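Below: one structure, written as structure tokens.
Predicted model, so just to flag it, every value in this text is computed and none were measured. All values below were derived from every heavy atom in this structure, side-chain atoms included, with hydrogens, water molecules and symmetry-related copies excluded. Letters go in sequence order (proteins before strands), and every chain restarts at 1.
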2 protein chains.
Amino acid sequence: MKEENARSSAIPHLAELAEFRYQLRTFLSFSEAASEACGIAAQQYQLMQVIAATPEGRPATISHLAERMILRHNSAVELVDRVEKAGMVRRRNDEQDLRRSLVELTPEGKKILQQLVTQHVQYLKTHGEEIARTLRTLQPASQTEKAKDLDGRR
Amino acid sequence: MKEENARSSAIPHLAELAEFRYQLRTFLSFSEAASEACGIAAQQYQLMQVIAATPEGRPATISHLAERMILRHNSAVELVDRVEKAGMVRRRNDEQDLRRSLVELTPEGKKILQQLVTQHVQYLKTHGEEIARTLRTLQPASQTEKAKDLDGRR
DNA sequence: CCGATTATATCGCCTCACGATATTTATAGC
DNA sequence: GCTATAAATATCGTGAGGCGATATAATCGG
């Protein structure tokens with residue numbers, strides 16, 4: 001028999017969803033702290049990561065970065081400005097299409113990125129499984145122990 | 001045999017981590033759009049969700065909300081101000097401790113929250129499994145098809 | 001070779017989180 | 001019970017960053 005929270009009664013999966021979002025905020029908070037310990041903002045790290053993860057064939061244009069960062073093009077321009085000022089990336093001119101700037105990591109940028117990726121992978125090796133488990137409790141055919149726990153503890 | 005991306009070479013798990021963050025951004029972007037379609041900001045929805053998910057015994061004080069939202073106390077105060085102005089929550093005085101305000105959802109707030117939770121649960125029923133799978137590729141003992149795909153396609 | 005489209009850049013605006021500080025209430029030590 | 005300290009909330013000025021509107025330059029289609 002499960003006691004319903006008066007506040008949450010009648011909203012299915014509220015506890016699991018709230019837990020997932022709390023886990024995300026905790027992860028993002030870690031990410032921000034790690035980035036700023038390296039002297040850059042969290043978004044700047046994300047931009048660098050997108051650049052490094054862009055497949056070989058795909059040029060790292062402002063438009064492409066904006067798309068992967070889910071930002072307006074002008075915001076991507078401004079973000080690149082800031083990361084460039086921090087010395088982590090530089091713009092090159094695309095010789096095929098002079099409208100484009102190609103953004104690439106500097107050696108310093110690669111070094112910092114490697115550190116940050118390592119730290120984040122480490123974090124997710126520790127906490128990723130728990131996040132995945134919370135996500136699974138929201139799947140159609142799921143009544144795991146975790147879900148029962150989140151539902152039952154009120 | 002896997003071809004290494006010149007940009008990503010020597011950074012293990014870069015592709016999987018970047019993919020995970022892109023999935024998160026996509027989800028958060030959906031969340032923002034859904035919230036604003038209901039006339040509130042994404043953070044305001046999160047606050048409401050935290051309030052609703054607060055266990056019965058635990059009073060929904062500003063301090064508690066700040067902790068779950070991962071915000072400074074003053075920022076939580078300001079967030080509650082905005083959500084109160086939007087008519088989604090109201091403050092009550094704690095009669096045991098007059099320093100505290102207890103924050104609770106209004107009927108309108110409950111209605112909107114229910115809609116948003118439903119939409120988000122629906123989203124995660126569709127996309128949650130994929131996110132969980134990406135997370136799993138970052139686990140210690142993981143060389144799934146997904147991981148091979150992300151590593152191999154460059 | 002010119003009108004339409006695409007890519008990037010610039011600028012002013014607005015939201016929101018923060019640090020510093022203030023105010024009120026509770027609590028502990030005497 | 002009275003005072004020093006701590007805790008909870010609130011206020012205010014500041015700054016970062018994303019966005020819409022607009023501008024400029026380069027490419028492309030007919």
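Looking at heavy-atom distances under 4.0 Å, Ala76(B) makes no contact with the nucleic acid at all. In this structure, Ser75(A) reaches the bases: a heavy-atom distance under 4.0 Å links it to at least one base atom across the strands shown. When heavy atoms are screened at a 4.0 angstrom cut-off, Leu71(A) is found touching the sugar-phosphate backbone but no base atom. Residue contacts for Gln43(A): at a heavy-atom cut-off of 4.0 Å it reaches the sugar-phosphate backbone alone, with no base atom in range.
Of the candidate nucleotides dA26(D), dT9(D), dC11(C), dT9(D) has the atom nearest to the side chain of Thr61(B). Side-chain proximity of Leu98(A) to dA26(D), dT9(D), dC18(C): nearest is dA26(D). With distances taken from any side-chain atom of Ser63(B) to the nucleotides dT9(D), dC18(C), dG18(D), the minimum falls on dT9(D).
Between Leu79(B) atom CG and dT9(D) atom P there is a gap of 14 Å when expressed in whole angstrom units. Atom CD in Glu32(B) sits about 16 Å away from atom P in dG17(D), given to the nearest Å. In this structure, CG of Leu102(B) is placed 15 Å from C1' of dT25(C), rounded to the nearest angstrom. Between Lys85(A) atom NZ and dA16(D) atom P the separation is 10 Å, expressed in whole Å. Residue Glu36(A) contributes atom CD, which lies 10 Å from atom P of dC18(C) at whole-angstrom precision. We find that CG of Leu28(A) is positioned 13 Å from P of dA17(C), with the value rounded to whole Å.
Judged by distance alone, the side chains of Arg82(A) and Gln43(A) never bring a donor and an acceptor atom under 3.5 Å apart.
Using a cutoff of 4.0 Å between basic side-chain nitrogens and carboxylate oxygens, Arg133(A) and Glu130(A) are not scored as salt-bridged. A salt bridge does not link Arg100(B) to Glu95(B): none of the charged nitrogens lies less than 4.0 Å from a carboxylate oxygen.
For Gln44(B) against dC16(C), no side-chain N or O and base N or O form a donor-acceptor pair under 3.5 Å. In this model, no side-chain donor or acceptor of Arg99(A) finds a partner on the base of dT8(C) within 3.5 Å. A donor-acceptor contact under 3.5 angstrom links the side-chain atoms of Asn74(A) to the base of dG20(D).
Contact check, Ser101(A) against dA9(C): a side-chain N or O comes under 4.0 Å of OP1 or OP2. Phosphate contact (OP1/OP2 of dA17(C), side-chain N/O of Arg82(B), threshold under 4.0 Å): present. Remark: Arg72(B) is not in phosphate contact with dA20(C), judged by side-chain N or O atoms under 4.0 Å from OP1 or OP2. The side chain of Arg100(A) contributes no N or O atom lying less than 4.0 Å from OP1 or OP2 of dT6(C).
At distances below 3.5 Å, at least one donor-acceptor pair connects side-chain atoms of Glu84(A) with backbone N or O atoms of Arg91(A).
Side-chain contact between Met88(A) and Lys110(A): absent, with no pair of heavy atoms (C-beta onward) separated by less than 4.5 Å.
Nearer to the 5' terminus of DNA chain D, by closest-nucleotide assignment, is the contact made by Ile70(A) (compared with the other of Asp97(A) and Ile70(A)). The 5' end of DNA chain C is approached more closely, in terms of each residue's nearest nucleotide, by Asp81(A) than by the other of Glu95(B) and Asp81(A).
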